[in-house]
Protein chains: 2
Amino acid sequence: MPESTIQSVLTLATLGLISQRPMTGYDLRKVFTTTPMWHFSSSPGAIYPALQRLENSGLIKGIVEGQDTLRPKRVYTLTKDGRQLLEQWLEQPVTQDDVIRRRDDLVLRFTFMGNILGREKTLSYLKELLMQLKSYIPSLQEHLDTARTTESPYDAFAIEHGIEMYQVYIRWAKHVIDRLEEN
Amino acid sequence: MPESTIQSVLTLATLGLISQRPMTGYDLRKVFTTTPMWHFSSSPGAIYPALQRLENSGLIKGIVEGQDTLRPKRVYTLTKDGRQLLEQWLEQPVTQDDVIRRRDDLVLRFTFMGNILGREKTLSYLKELLMQLKSYIPSLQEHLDTARTTESPYDAFAIEHGIEMYQVYIRWAKHVIDRLEEN
DNA sequence: TGAGACATGTAATCGGTTACATGATTCC
DNA sequence: GGAATCATGTAACCGATTACATGTCTCA
């Protein structure tokens with residue numbers, strides 16, 4: 001049972017990536033600079049300390065490859081505890097707070113979920129997500145109404161932006177659910 | 001000329017809000033808990049230190065109201081330096097990095113911009129934003145193609161999510177431009 | 001008289017940013 | 001021989017989170 005308090009998105013993303021295949025710090029940096037996961041920091045000052053923390057917490061294990069050569073590298077794999085923590089994160093219920101403050105993390109969780117928890121759990125995750133997204137919109141709508149009556153046109157535009165974002169999010173989730181249910 | 005290095009979104013948002021009307025720390029907390037700006041932290045441990053930093057940098061000035069009473073409060077207003085820094089932030093060109101890593105900040109900037117820089121500058125801001133948004137999509141499209149050919153369906157879904165988000169962002173920006181140009 | 005809103009702080013901890021630092025290997 | 005890529009780190013700084021802490025005012 002991992003008792004660590006590690007929960008930053010970067011470490012969770014790292015854990016997820018390492019779960020897909022063993023990786024070095026350099027590999028991670030490449031993912032964070034060359035794939036759409038580039039909204040994560042790829043600076044060595046973020047990644048190497050993160051890997052050290054994960055290893056110290058027993059969530060990953062580094063094996064040195066090419067120890068005899070002049071350019072050895074540290075390849076990390078998940079430990080059982082690491083896998084467990086990752087699953088714990090993925091199985092967390094979707095909260096209103098997630099939908100408001102951690103919109104992007106929810107997509108990240110989805111991405112790892114398919115391979116790790118399977119199709120069924122991914123489907124219920126998406127349905128839960130869908131519910132939370134839907135239940136958030138009315139409050140935005142209310143604020144839009146007040147912004148309109150108080151004549152703050154810029155505020156109103158900004159809130160419209162938010163509403164539209166959540167609406168496509170919902171449409172996307174429905175679409176993915178349909179696709180996954182088609183088999 | 002403010003030489004401070006203050007640039008966290010929270011402090012910039014604070015500066016923007018105080019520019020609209022003088023505010024206390026408590027007022028800010030209320031905004032951050034009761035309006036769609038609730039994705040900002042409203043914890044006293046974030047706000048009060050931020051206000052102190054802003055005041056120490058000479059960007060805002062606190063005046064104690066009700067000093068004689070038992071519940072005095074500190075009302076902050078922008079200083080000239082504060083206003084200048086705020087304008088500097090708002091006038092910054094929209095970069096690719098903004099569009100990737102600071103999507104939300106861009107909307108925040110838009111919100112303050114109307115009142116502070118006026119309609120013309122807001123329009124050019126939106127057009128700049130539009131360009132950057134458009135120029136970002138092709139790279140996502142490419143990654144979508146590779147994800148599809150390598151049979152990573154979950155990755156592909158996630159990238160589709162991103163593309164759709166940017167597409168509505170673009171639609172929104174166009175819509176607002178049209179509205180503002182109608183006068 | 002008690003609940004809830006008003007009002008402001010501090011301290012420990014943690015992690016990300018920025019900048020610095022070093023060296024090997026590969027390929028032209 | 002030089003550029004690009006491979007590969008890994010450290011240190012100072014800063015700001016956000018969490019938890020703790022305190023007290024007033026208003027209204028039912």
Side-chain angles (χ1 to χ4, degrees), chain A residues 3-15 22-34 37-57 59-60 62-76 97 100-102 104-105, chain B residues 3-15 22-34 37-57 59-60 62-76 97 100-102 104-105:
Chain A
E3 45 175 295
S4 59
T5 35
I6 285 183
Q7 80 242 78
S8 90
V9 204
L10 180 67
T11 56
L12 261 359
T14 298
L15 227 46
M23 285 202 179
T24 67
Y26 193 77
D27 291 335
L28 284 163
R29 294 191 64 203
K30 261 194 304 183
V31 172
F32 292 149
T33 46
T34 64
M37 287 182 75
W38 40 48
H39 57 264
F40 286 102
S41 165
S42 66
S43 89
I47 288 174
Y48 291 101
L51 287 169
Q52 284 163 20
R53 285 196 305 273
L54 283 167
E55 183 157 32
N56 291 337
S57 311
L59 300 169
I60 59 175
I63 288 161
V64 180
E65 264 181 27
Q67 210 160 13
D68 45 337
T69 69
L70 281 163
R71 201 173 61 190
K73 58 180 176 176
R74 219 170 266 277
V75 183
Y76 292 98
D97 211 56
I100 296 173
R101 295 178 138 83
R102 285 178 288 277
D104 292 344
D105 304 11
Chain B
E3 45 175 295
S4 58
T5 35
I6 284 183
Q7 81 241 81
S8 90
V9 204
L10 180 66
T11 56
L12 261 359
T14 297
L15 228 46
M23 283 202 182
T24 66
Y26 193 76
D27 290 335
L28 285 163
R29 293 190 65 203
K30 260 194 306 184
V31 172
F32 292 148
T33 46
T34 65
M37 290 182 75
W38 40 47
H39 56 265
F40 286 103
S41 166
S42 67
S43 90
I47 288 174
Y48 291 101
L51 288 169
Q52 286 163 19
R53 284 195 306 273
L54 284 167
E55 183 157 33
N56 291 338
S57 312
L59 300 169
I60 58 175
I63 288 161
V64 180
E65 263 181 26
Q67 209 160 16
D68 45 337
T69 69
L70 282 163
R71 200 172 65 190
K73 57 180 177 177
R74 219 169 266 276
V75 183
Y76 292 97
D97 211 57
I100 296 173
R101 294 176 138 82
R102 286 178 288 277
D104 293 343
D105 304 9

Which one, [options], comes nearest to the side chain of [X]?
X	options	answer
A/Arg53	C/dG9, C/dG16, D/dG9	C/dG16
B/Leu70	D/dT17, D/dA16, D/dC25	D/dC25
A/Tyr48	D/dT10, C/dT8, C/dG9	D/dT10
B/Lys30	C/dG16, C/dG9, C/dC6	C/dC6

Please classify the nucleic acid contact of [X] as base, sugar-phosphate, or nothing, using heavy-atom distances under 4.0 Å.
X	answer
B/Gly25	sugar-phosphate
B/Thr69	nothing
B/Leu10	sugar-phosphate
B/Ser43	base
A/Arg29	base

Rounded to whole Å, please give me the gap between [atom1] in [X] and [atom2] in [N].
X	N	atom1	atom2	value
B/Met23	C/dA7	CE	C1'	15 Å
B/Phe32	D/dA16	CZ	P	10 Å
B/Glu65	D/dT24	CD	C1'	17 Å
A/Leu28	D/dC6	CG	C1'	14 Å
B/Tyr76	C/dG9	OH	C1'	10 Å
B/Arg74	D/dG23	CZ	C1'	16 Å
B/Phe40	D/dA16	CZ	P	10 Å
A/Ile47	C/dG15	CD1	P	15 Å

Please state whether the phosphate of [N], meaning OP1 or OP2, lies under 4.0 angstrom from any side-chain nitrogen or oxygen of [X].
X	N	answer
B/Thr24	C/dT8	yes
B/Tyr26	C/dC6	yes
B/Arg101	C/dT17	no
B/Ser41	D/dT17	yes

Measure the shortest side-chain to side-chain distance between [X] and [Y] over non-hydrogen atoms and say whether it is less than 4.5 angstrom.
X	Y	value
A/Ile47	A/Phe32	yes
B/Thr24	B/Glu65	no
A/Leu51	A/Arg74	no
B/Phe40	B/Val9	yes
A/Asn56	A/Arg53	no
B/Thr14	B/Leu28	yes

*How do A/Pro44 and B/Pro72 order along DNA chain C: which one's closest nucleotide is nearer the 5' end?*
B/Pro72

*More 5' along DNA chain D: A/Arg71 or A/Gln7, using each one's nearest nucleotide?*
A/Arg71

